[in-house]
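Here's the structure we're looking at; comments come further down.
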Number of protein chains: 2
Amino acid sequence: MRILIVEDTTDVAEAASASLGRAGFACDIAPTLADARACADVTGYAAIVLDLNLPDGSGRDFLRDRRRAGDRTPVLVLTAQFSVEDRVGALDEGADDYLVKPFDLRELEARLRALTRREAGRAENRVVLAGLDFDASAQSLRVGGAAVTATRRELALLNLLIANRGRIMSKDRLFDGLFGFENADVGTNTIELYVARLRKKLMGSGVAIETHRGLGYRLDLDG
Amino acid sequence: MRILIVEDTTDVAEAASASLGRAGFACDIAPTLADARACADVTGYAAIVLDLNLPDGSGRDFLRDRRRAGDRTPVLVLTAQFSVEDRVGALDEGADDYLVKPFDLRELEARLRALTRREAGRAENRVVLAGLDFDASAQSLRVGGAAVTATRRELALLNLLIANRGRIMSKDRLFDGLFGFENADVGTNTIELYVARLRKKLMGSGVAIETHRGLGYRLDLDG
DNA sequence: GCGCGGATGACAGCTTGATGACAGCTTTGC
DNA sequence: GCAAAGCTGTCATCAAGCTGTCATCCGCGC
């Protein structure tokens, strides 16, 4: 984890750097806004510690610029001011946290850990198969890059087939997956219907639903 | 955005709930650890505000349990203690932030905005999308440059849709985000109502709320 | 060729969503 | 405190389009 410390008071910056270094962070120090910009442009950081009082301007401008540019690196602001307005202002301008000087180094360390912690693993429900791009959580379907709309039943069927890709699914099992008890009297023909409708929408995706007579259906790569 | 407030002092909890409600958050209050667990098991929250001193135990246990269980919901800890050890301890146990009592309600609000914003992958409160310009902290909305007034619920809905832009949000999820438990008996038709009202206000913004029958709604660029 | 399982187009019913009007309640301004 | 304004949510009505049935056609395997 690499951290950028934007702070012009050498003592503070070096103390922080040493302390964070011991905690496993690699730190770069930037004593001016210009240095900070140069560093941030060259490499990415897991987080930025930003003093607001700098010799060549206010850290707020730096923060605002980065956010406007779409940069989401977590920023922890250091401030000498106590007023609630200032704190609220900093947070609303895009800071993720702040610390009032003088601060305890252990606390800086803990806060940076909290900020950088949530970088890791987001559960992805997305499946990409040849020209097919299906995201179960967003219920979105793309075929060859183009968004395709599908109804609830169609998506449910697709979901089932994808989850069992490469395996033959009997109509009974598909039926069980698509309909609850209250729909038990729906004709089995319905499955065939939805397979047909899905096939039409998956046209040209490189993925095909094969028919296996007397056995069921299987989704797999085309060809 | 739905928030769980775990706090046994009724005054504090209700003041926070009222203040956050005005800011567009839907709040549930849990006065005990048992209540908190029950709530958290039943529904998901955008963030949890957690007092450490509770009648049936320490909030730390609750926090630790949730993290062990793999839950990453942002947690903001309320504490009466000043010691650095306590603060560091809370952060390292998985809290994302803390506030020392007594705290300013505006600050709680700003910190929760920062926490939920980060979760939604945003670095600042302001979002500009085509002709739509929305600022969550100022609760202000502009369409094609012109200021548009919108009510709290409308803004809350918009905020939710923007945070999940591009994905289909089921009415249930939108409902959970807009209403807490005390409003559980509100008809689901209400969502449709607010979608209609929002659509009217977003007219000509280049952003549209698409209906996906049986699935939910999705906010995306028009076209 | 025949039989059976599967494919598919059309359609009617019905669930789901849209929307205008209204009553209750909250907030705001005085 | 009071009154007015505005926000909220319910209801009823209307529109849309998803669903599943039916009938018919296709094609594989025997």
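For the numbers below, each heavy atom of this structure counts, side chains included, while hydrogens, waters and symmetry mates do not. Chain letters run A, B, ... following the sequence lines, proteins first and then strands; every chain starts at 1.
Donor-acceptor pairing under 3.5 Å, judged by distance alone, is present between the side chain of A:R213 and the base of C:dG5. You won't find any donor-acceptor pair under 3.5 Å spanning the side chain of B:R152 and the base of D:dG6, going by distance alone.
Under 4.0 angstrom from either OP1 or OP2 of C:dT27 there lies no side-chain N or O belonging to B:R22. Between B:T151 and the phosphate of D:dG6, there is no side-chain N or O to OP1/OP2 separation shorter than 4.0 Å. Taking side-chain N and O atoms only, A:Y194 has no distance below 4.0 Å to OP1 or OP2 of D:dC18. Side-chain nitrogen and oxygen atoms of A:Y217 include at least one within less than 4.0 Å of the OP1 or OP2 phosphate oxygen of C:dA7. A close approach under 4.0 Å does not occur between any side-chain nitrogen or oxygen of A:T190 and OP1 or OP2 of D:dT19. Checking the phosphate oxygens (OP1, OP2) of D:dG9, a side-chain nitrogen or oxygen of B:R153 falls inside 4.0 Å. Here A:R199 reaches the OP1 or OP2 of C:dA7: one of its side-chain N or O atoms lies under 4.0 Å away. Residue A:K171 has a polar side-chain atom (N or O) positioned under 4.0 Å from OP1 or OP2 of C:dG6.
Side chain of A:D96 to main chain of A:L76: no donor-acceptor pair is present (N/O by atom type, distance under 3.5 Å, no hydrogens or angles). In terms of modelled atom types and a separation under 3.5 Å, the side chain of B:E107 and the main chain of B:D104 share no donor-acceptor contact. Not a single donor-acceptor pair under 3.5 Å links the side chain of B:D133 to the backbone N or O of B:R142.
Distance B:F179 CZ to D:dC7 C1': 12 Å, rounded to the nearest Å. Distance, A:H212 NE2 to D:dG29 P: 12 Å, rounded to whole Å. If you measure from atom CG of B:L215 to atom C1' of D:dA16, you get 15 Å, rounded to the nearest angstrom. Put simply, CG on B:L157 is 14 Å from C1' on D:dT8, counting in whole angstrom units. What separates NZ of B:K201 from P of D:dG6 is a distance of 12 Å, to the nearest Å. Rounded to whole Å, atom P of D:dT19 lies 9 Å from atom CG of A:L155. If you measure from atom CZ of A:R197 to atom C1' of D:dG17, you get 11 Å, rounded to the nearest angstrom. Atom pair B:L178:CG and D:dC7:C1' shows a separation of 14 Å (rounding to whole Å applied).
Residues satisfying the ring pair (Phe, Tyr, Trp, His ring centres under 6.0 Å) criterion with A:Y45, sequence neighbours excluded, are absent altogether.
Residue order along DNA chain C, read from the 5' end via each residue's closest nucleotide, puts A:T211 first among B:G216 and A:T211. Of the two residues contacting DNA chain D, namely A:E154 and B:E154, the nearest-nucleotide position lying further toward the 5' end is that of B:E154. With the nearest nucleotide of DNA chain D identified for both B:N189 and B:L193, B:L193 has the one nearer the 5' end.
Residue B:R66 places its CZ atom among more than 12 non-hydrogen atoms of other residues, nucleotides or ligands, all under 6.0 Å distant.
For the pair A:L158 and A:L202, the minimum side-chain heavy-atom distance is below 4.5 Å.
Looking at heavy-atom distances under 4.0 Å, B:D185 makes contact with sugar-phosphate atoms alone, never a base.
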